[in-house]
> 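Okay, here's the structure, questions in a sec.
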Amino acid sequence: MPTRVKRPSILLKLGITASLLAFQGYLGYHVVTGTFGIESRREMLGEVKVLEARRAALETEIESYEHRIALFDPRQLDPDILTERARALLGLVHPDDIIVVPDD
């Protein structure tokens with residue numbers, strides 16, 4: 001009984017090779033331009049630098065506010081300066097105060 005071994009077709013081998021190469025090209029394209037690809041990473045790193053600079057500016061602003069709030073601490077507050085500033089901000093004077101108006 002003769003047996004014949006069937007060789008795979010060359011077209012099948014070329015088809016599989018072509019499809020694998022196409023899939024590798026697809027993956028390579030998305031490595032470069034995909035959501036988490038090389039170009040997107042570069043953009044994300046730029047955004048990180050901008051956000052870090054913004055964070056540093058906000059931290060400086062927070063520190064200035066904390067310093068201004070610390071000035072209102074009753075253990076460190078001078079009542080005379082507080083009264084003077086409150087009168088200046090509110091535009092009020094005491095009847096016994098002497099007002100000196102500078103000439104412009």
> Name each donor-acceptor pair under 3.5 Å that joins a side chain in residues 14-32 to protein atoms two or more places apart or in another chain, with its distance.
from	atom 1	to	atom 2	distance (Å)
Thr17	OG1	Lys13	O	2.8
Ser19	OG	Gly15	O	3.2
Ser19	OG	Ile16	O	2.8

> So, taking the atom named CE in Met44 and the one named CG in Leu51, what distance separates them when rounded to the nearest 0.5 Å?
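Result: 12.5 Å between the selected atoms.
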> With rounding to the nearest 0.5 Å, note down the distance linking OH in Tyr65 to CG in Leu58.
10.5 Å
> Measure the CD-CD distance between Glu66 and Glu61 for me, rounded to the nearest 0.5 Å.
11.5 Å
> Arg87: which residues meet the side-chain hydrogen bond (donor to acceptor under 3.5 Å, both in side chains) condition with it, sequence neighbours left out?
Asp97
> Quick one: pull up CD in Glu43 and CD in Glu39 and give me the separation to the nearest 0.5 Å.
7.5 Å
> Can you name the nearest heavy-atom pair linking Ser40 to Gly34, along with the distance?
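Answer, listing the atom of Ser40 first, then Gly34: OG-O, 2.8 Å.
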> Looking at CD of Glu47 and CZ of Arg54, how far apart are the two atoms once the value is rounded to the nearest 0.5 Å?
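The CD atom of Glu47 sits 12.5 Å away from the CZ atom of Arg54.
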